[in-house]
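Worksheet: the structure to be examined is printed underneath.
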Amino acid sequence: MCGRINFSDSAETAKRLGVKDSDTPREGDVNGFACQDSYIFGLADRAPDTLRHFHWPLIPSWSNTYPAYQSHNARSEDMADKPAYKHLLGKRHCIIAINGFYEWERSSEKTPWYFSMADGSLMLLAGLWDYNTKLDAPVLSCTVITREPNQMVGEVHNRMPVIITRADADIWLNTQLPYHERAKVLQPIENSALLKVEIGKSINKADNKSGDWFNGPDEKPLSLF
DNA sequence: CCAGACGTTGTT
DNA sequence: GTCTGG
DNA sequence: CCAGACGTTGTT
DNA sequence: GTCTGG
């Protein structure tokens, strides 16, 4: 999971989080994915009162090239063993604020689904961030932590992002707490907190930004109006 | 010791 | 099958 | 994440 | 930076 997401522009994201934007406002993306010029928005444990624009995927601080490997997700089960992530645990936690994410069910036919919060709130993903000054320009970047799915997501896919409540986000971002206390929030979210809808295959094309895969107005995210 | 990788997903 | 580009 | 390409030489 | 493989 967590390769394709729907997120609002930075101004709206900051407003809904109740924080100020830190940077030149950036657009959102109803069909976003990690690539060399993609940015997503959230909060870093260092100064979480301000919205950060994170390059996605993660570029480790020690890297002097753009990563040739996949670094948009970190497996919660073994990220503590990975050279690209372990130095960030307990030191550089972040949350990413999105509207929802897409998963493809691989049954007889590949079927796309959309997951969002049942109450229409921002979806908060647990992540790790880093800061690199060895490339052309300094880059703040992040990765999204994944885990085994809850029952609802598990019906269509074997992984999901770590989705946390606002209260747990405060714990994940609290630099005063020891890592093992902060890491306790990396749990599967309860099924009832999520909304799951099947969507059209027009989502598949990454450059389709129309949102025409949503079935009707009642399923269309607010960000598209 | 130095050189070279550093990752996830899904699919088999 | 696997890598690259979006 | 999915879609789409998957090659080399030489010449511009 | 830090780990693995040689």
Side-chain angles (χ1 to χ4, degrees), chain A residues 1-7 26-40 54-94 96 98-116 123 125-135 138-149 153-163 179 186 196-214 221:
Chain A
M1 142 68 231
C2 235
R4 209 75 85 83
I5 60 175
N6 168 22
F7 62 101
R26 276 197 173 85
E27 293 300 304
D29 195 339
V30 73
N31 196 357
F33 50 90
C35 67
Q36 195 139 4
D37 47 27
S38 73
Y39 283 80
I40 55 182
F54 297 101
H55 180 268
W56 190 43
L58 187 103
I59 305 168
S61 56
W62 39 260
S63 187
N64 50 23
T65 57
Y66 193 85
Y69 48 90
Q70 297 293 94
S71 63
H72 63 285
N73 287 158
R75 293 175 59 90
S76 57
E77 298 91 338
D78 57 10
M79 60 186 182
D81 303 321
K82 304 293 186 179
Y85 303 135
K86 63 183 304 180
H87 64 291
L88 305 173
L89 302 183
K91 298 198 170 60
R92 291 182 168 187
H93 297 186
C94 66
I96 303 304
I98 65 175
N99 299 312
F101 62 91
Y102 305 100
E103 291 289 7
W104 280 258
E105 178 179 14
R106 274 149 249 268
S107 45
S108 51
E109 215 178 347
K110 193 164 57 181
T111 306
W113 296 82
Y114 179 62
F115 293 89
S116 58
M123 179 178 280
L125 308 181
L128 300 167
W129 64 274
D130 208 344
Y131 188 69
N132 181 297
T133 56
K134 299 190 163 188
L135 304 180
V139 196
L140 180 69
S141 65
C142 73
T143 189
V144 170
I145 297 173
T146 64
R147 54 159 301 125
E148 291 190 337
V153 179
E155 289 170 358
V156 305
H157 202 69
N158 66 338
R159 303 291 294 170
M160 73 175 214
V162 173
I163 304 164
Y179 176 67
L186 304 180
K196 170 191 171 194
V197 295
E198 187 177 342
I199 55 173
K201 290 183 171 57
S202 61
I203 176 69
N204 293 11
K205 286 191 180 296
D207 55 3
N208 181 0
K209 307 299 184 185
S210 72
D212 64 358
W213 48 84
F214 290 110

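Throughout, protein chains are lettered first and strands after them, A, B, ... in sequence-line order, and every chain is numbered starting at 1. Given the structure is predicted, the values throughout are model-derived calculations rather than measurements.
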Geometric class of the A:Tyr102/A:Tyr114 ring pair [parallel <30°, tilted 30-60°, perpendicular >60°]:
tilted
Output row for DNA chain C, stems defined as at least 3 consecutive Watson-Crick or G-U pairs under 3.5 Å, is C:1-6 with D:1-6
From CD of A:Gln70 across to P of D:dC1 the rounded distance in Å is 8 Å
Residues 77-89 of chain A vs side-chain hydrogen bond (donor to acceptor under 3.5 Å, both in side chains), sequence neighbours excluded, gives A:Glu77-A:Arg159, A:His87-A:Asp130
A:Glu155 meets the side-chain hydrogen bond (donor to acceptor under 3.5 Å, both in side chains) criterion, sequence neighbours left out, with A:Gln151, A:Lys196
Applying side-chain hydrogen bond (donor to acceptor under 3.5 Å, both in side chains) to A:Ser202 and not counting sequence neighbours gives A:Asp212
For residues 28-37 of chain A, the side-chain hydrogen bond (donor to acceptor under 3.5 Å, both in side chains) pairs (sequence neighbours left out) are A:Arg4-A:Asn31, A:Asp29-A:Lys209
- Task: Using atom types as modelled and distance alone, determine if a side-chain donor or acceptor of A:Thr143 lies under 3.5 Å from a backbone N or O of A:Asn73.
- Result: yes
Can you give me the N/O atom pairs linking the protein to nucleotides 3-6 of chain E at distances under 3.5 Å, or say none if there are none?
{"residue": "E:dC3", "atom": "OP1", "partner": "A:Lys86", "partner atom": "NZ", "Å": "3.3"}

>> Quick check on B:dT9: is either OP1 or OP2 less than 4.0 Å from any side-chain nitrogen or oxygen of A:Arg75?
In response: yes
> For B:dT9, does OP1 or OP2 lie under 4.0 Å from any side-chain N or O of A:Thr146?
Replying inline: yes
Give a yes or no answer on whether the side chain of A:Ser71 reaches the backbone of A:Pro57 with a donor-acceptor pair at less than 3.5 Å.
no
When every non-hydrogen atom of A:Asn208 is compared with those of A:Ser210, the smallest separation belongs to OD1-OG, 2.8 Å
Using OP1 and OP2 only, check whether a side-chain N or O of A:Arg106 sits under 4.0 Å from D:dC2. yes
Within less than 4.0 Å of OP1 or OP2 of D:dG4, is there a side-chain N or O belonging to A:Lys205? yes
With the six-membered base ring of D:dC1 as reference, does the ring of A:Phe101 sit under 5.5 Å away with planes under 30° apart? no
### Task
Measure from the ring centre of A:Trp62 to the centre of the six-membered ring in the base of E:dG1, then say whether that distance is under 5.5 Å and the planes meet at under 30°.
yes
